[in-house]
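Note that these values count all heavy atoms, side chains included, but never hydrogens, waters or copies made by symmetry. Residue numbers begin at 1 in each chain, while the letters A, B, ... track the order of the sequences.
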Amino acid sequence: MKVRTLLSAICVSALALAAVPAHAGATFEAVKKKGFVQCGVNSGLPGFSAPDEKGVWKGIDVDVCRAVAAAVFGDANKVKYTPLTAKERFTALQSGEIDILSRNTTWTVTRDGGLGISFTGITYYDGQGFLVKKKLGVKSALKLSGATVCVQSGTTTELNLADYFGLHKMKFKPVVYDTADETVKSFEAGRCDVLTSDQSQLYALRSKLAKPDSAVVLPEIISKEPLGPAVRQGDVEWFNIVRWSLFAMIDAEDLGVTSTNVDQMKSSSKNPDVKRLLGVDVIKHGLGVPDDFAYKIIRLVGNYSEVFERNVGAGSALKIARGQNALWTKGGLQYAPPFR
Amino acid sequence: MSQMTQPGGPPKRPPPWNDPRVRAITFQVLVSAGVIAVGVYLVHNLLHNLAVRGISTGFGFLDNRAGFAINQSLVHYDESSSYGRTFVVGLLNTLLVSGLGIVFATILGFVIGVARLSRNWLVSRLAAAYIETFRNIPLLLQILFWYFAVFLNLPPPSEALRVGDSVFLTLRGLYLPRPEFGDGFGWVALAIVAALAASAALARWARARQERTGERFPVFAASAGLVVVLPLAAYLLAGRPVTLHSPELEGFNFSGGVSVIPELAALLMALSIYTAAFIAETVRAGILSVSHGQTEAASALGLRPGWTLRLVIIPQAMRVTIPPLTSQYLNLTKNSSLATAIGYPDLVSLFAGTTLNQTGQAVEVMAMTMAVYLAISLAISLFMNWFNARMALVER
Ligand SMILES: N[C@@H](CCC(=O)N[C@@H](CS)C(=O)NCC(=O)O)C(=O)O
């Protein structure tokens, strides 16, 4: 039976590849025609993408897709979500099952170069960390030699883990699962001493433990994990729309435009940067979406700071500080090219 | 014949479009051409699309460094090994769990299938309950049950269940002493081989004698004695060349022994128990297919019930049992790919999962994985067909 399933899987993927046109602008046209954006997200990572108690998807990765829908359709709700595991995500994007992959995915050179996908920007600057049981009394990752480590398969996490322990001449035993739920359950049962993943996710995963206080996040950050949305390679038009939807939110924060003051700014601001951003002074941006797409994004989704605070920052259960994700003007790394 | 000799020469051949041979060949050529054309079209399209998307193709990635760790490997593997090596590791892990699963499922299935037909009411009811329970619960649930509800509820390393100072059971696995073979071990190995050969010869001799004279010889006891005594003697004479290294708790984990990881244990347990339920049914059907007259004839000859089962019923039942047994073995092997649900590094989870994801070479990786399952399945089928032919009734 399995062979037959595999066979059909391969056939389907081959046919899908045959069926999806790949020329520039194809995705944009297809999206406009079907009337919604198909967005690949994490199946449940609080703060990044998870359905709330009413089944509505929430999170910073989700808001990126909502911003794109706002830009294309003037309606942030025209998004359909495909929950994906780390293992499934790239095939889903390559085969055309989704239009955007916005699933806490790290931008790396091999992913850009070999997978036929392109990252459009950085939604969240992250780094890999470790979560350990408090009762082990471990205070530093360098004291973890000989430990059993739970990690998720098909991630950069898996690779960094091996690099870090190898570099510091420490031994470890990996236990590798497909989903975060299994990883957490097994960490909780004591199958492993340590759970490793992107640090932001450690807080989210810790909140899933029966006793979140029983585990601590170690201070070491062992890698750079710039997380961002990705699209299929070769479709420049769609790439630009996704890229500038995120830039619009960052520029809005830079210029002090929020979802609450955007209408007032639109009618009264004298700042030429604001006027261009909101489409009051029309710049022929040539992206293919309406002149005032940024205005729609800010009204319907908010600027970067609003998105950050409500999903992972002060307004959320995770309470993550802006840190590296602060604007470049405030000592952080978030920076967007200008609207002109 | 009479037509041939009729005046007017040989009979007229039918026109080609009415000739069944010509028609058959034409249709076969057309169908083959169609299949090939579709295949070529699909492959061409695939390669074209991969190229347009900038997805690299080819098997070159197999030489690249994998860079991730694996928690069970039968051959040497570390982070600097290649993706090709992860294929071998995954393949061996699949073969390990399938092979062990087939052995356990067969033993358990035969015992339960025979018990199901027992005249003892309780035994046959228990066997029936076993079969109905395990056959009707989805395998995936059973795997998750064994893993999360049973094995992960064992005590942590610091409170390990122990047998003496050398065997430990924890939720991280079963730890056993690791044997180290010293210099004189060659003699022990030689003794084992010699004992096995002697047992085989003994069995042949005993059989020939029984056919000649009707006298029986206790072959089993004698062989068992040989196989134990010879190697033991060699072991003592060679100066005890095997040392055992017991596992010890060191920091976070036990180290120093051999370990069986709970992922393997849970998967093996679930696969064996599940498949045994099906095998028990085929065994029962096989035994029932042997007519009751055979049993009666056997007891008329004075054979005891145990002998009747072993010498009369089972050999005949085997003929009916082997073909469905083959498909149970194939199922078990293919079902082992559910390993991915609990993180056992089998071929699908490791190679078609992690390696595929790290490299993005979906087409190549899937093709290799499919080829492997096909090859394993064909190998099992061929072996079982051969076995079946041997077991088939030989007319005397
Ligand atoms: N950023 C890393 C890791 C991404 C990742 O998948 N992280 C896991 C770690 S917990 C996760 O989000 N799992 C959630 C899930 O699969 O439900 C990458 O792109 O490879």
Side-chain angles (χ1 to χ4, degrees), chain A residues 1-3 6-7 9-11 13-15 17-18 20 22-23 86-91 94-95 110-111 113-117 136 144-151 153-155 158-159 161-163 165-166 171-178 182-183 185-186 189-193 232-234, chain B residues 41-43 45-46 48-50 52-56 61 67-71 78-80 147-148 152-153 155-156 171-172 250-253 255 261-263 331 333-337 340-343 345 348-350 352-354 356-363 366-367 369-370 373-374 377:
Chain A
M1 273 311 99
K2 279 285 134 45
V3 173
L6 284 175
L7 250 172
I10 262 270
C11 288
S13 59
L15 286 176
L17 282 165
V20 183
H23 62 89
K87 254 179 177 177
E88 297 159 346
R89 57 187 159 172
F90 299 121
T91 333
Q94 289 167 337
S95 67
T110 48
R111 288 177 177 176
L115 295 186
I117 67 175
L136 287 178
L144 287 176
S145 187
T148 305
V149 187
C150 281
V151 60
S153 80
T155 56
E158 223 183 340
L159 306 174
L161 173 67
D163 283 355
F165 276 74
K171 285 208 195 106
F172 74 105
K173 299 210 175 67
V175 188
V176 188
Y177 297 101
D178 276 1
E182 287 168 324
T183 318
K185 230 157 98 186
S186 148
R191 174 70 182 92
C192 40
D193 306 296
R232 271 182 298 284
Q233 191 173 302
Chain B
Y41 169 76
L42 284 179
V43 170
N45 225 327
L46 179 69
H48 172 77
N49 279 318
L50 289 174
V52 168
R53 294 276 161 68
I55 302 174
S56 33
F61 71 96
F68 53 84
I70 304 176
N71 61 350
D78 64 29
E79 292 76 51
S80 57
Y147 187 59
F148 284 109
L152 288 197
N153 276 324
L171 87 167
R172 305 223 173 135
E250 218 174 67
F252 298 97
N253 282 306
S255 60
I261 56 172
E263 289 78 23
N331 282 345
T333 308
K334 287 175 280 184
N335 285 338
S336 74
S337 62
T340 179
I342 54 168
V348 169
S349 148
L350 180 64
T354 307
L356 189 160
N357 193 269
Q358 296 292 5
T359 60
Q361 308 283 8
V363 176
M366 276 313 199
T369 309
M370 277 161 36
Y373 277 92
L374 200 64
S377 296

Can we say E182(A) and R191(A) salt-bridge, meaning some charged N sits less than 4.0 Å from an Asp/Glu carboxylate O? no
Side chains of N71(B) and P174(A): does their closest heavy-atom pair fall under 4.5 Å? yes
Go through the atoms of I70(B) and report whether side chain, backbone, both or neither lie under 4.5 Å from a heavy atom of chain A. backbone
When the 4.5 angstrom heavy-atom criterion is applied to E250(B) and chain A, the contacting part is neither
Got a sec, which residues hit side-chain hydrogen bond (donor to acceptor under 3.5 Å, both in side chains) with K185(A), two or more places apart in sequence or on another chain? none
Top of D78(B), L356(B), I342(B) for chain A proximity - count of heavy-atom pairs under 4.5 angstrom: I342(B)
Q358(B) (side chain) donor-acceptor with T155(A) (main chain) under 3.5 angstrom: yes
Taking R172(B) for its side chain and G190(A) for its backbone only, find out whether a donor-acceptor pair lies under 3.5 Å. yes
Answer key: most heavy-atom pairs under 4.5 Å with chain A among N153(B), T340(B), T333(B) is T340(B)
Does any heavy atom of chain B fall under 4.5 Å from the side chain of T183(A), the backbone, both, or neither of them? neither
Chain A contact via S80(B) - which portion, at a heavy-atom distance below 4.5 Å: neither
Give me the atom names and distance for the closest heavy-atom approach of G360(B) to Q94(A). O-NE2, 3.9 Å
Interchain contact, K173(A) with chain B, by part (heavy-atom threshold 4.5 Å): side chain
Looking at chain B, which one of G113(A), G154(A), A162(A), S153(A) has the largest number of heavy-atom pairs inside 4.5 Å, strictly under? G154(A)
F165(A), part contacting chain B, at a heavy-atom distance under 4.5 Å: neither
Looking only at heavy atoms and a cut-off of under 4.5 Å, which of G251(B), P262(B), P156(B), S255(B) has the most pairs with chain A? P262(B)
If we count only N and O atoms by modelled type, under 3.5 Å, do the side chains of N253(B) and T148(A) hold a donor and an acceptor together? yes
Given that the side chain runs from C-beta out, which part of L136(A) has a heavy atom under 4.5 Å from chain B: side chain, backbone, both or neither? side chain
4.5 Å side-chain heavy-atom contact, F252(B) and V149(A): no
Chain A heavy atoms under 4.5 Å from F61(B): which part of the residue, side chain, backbone, both or neither? neither
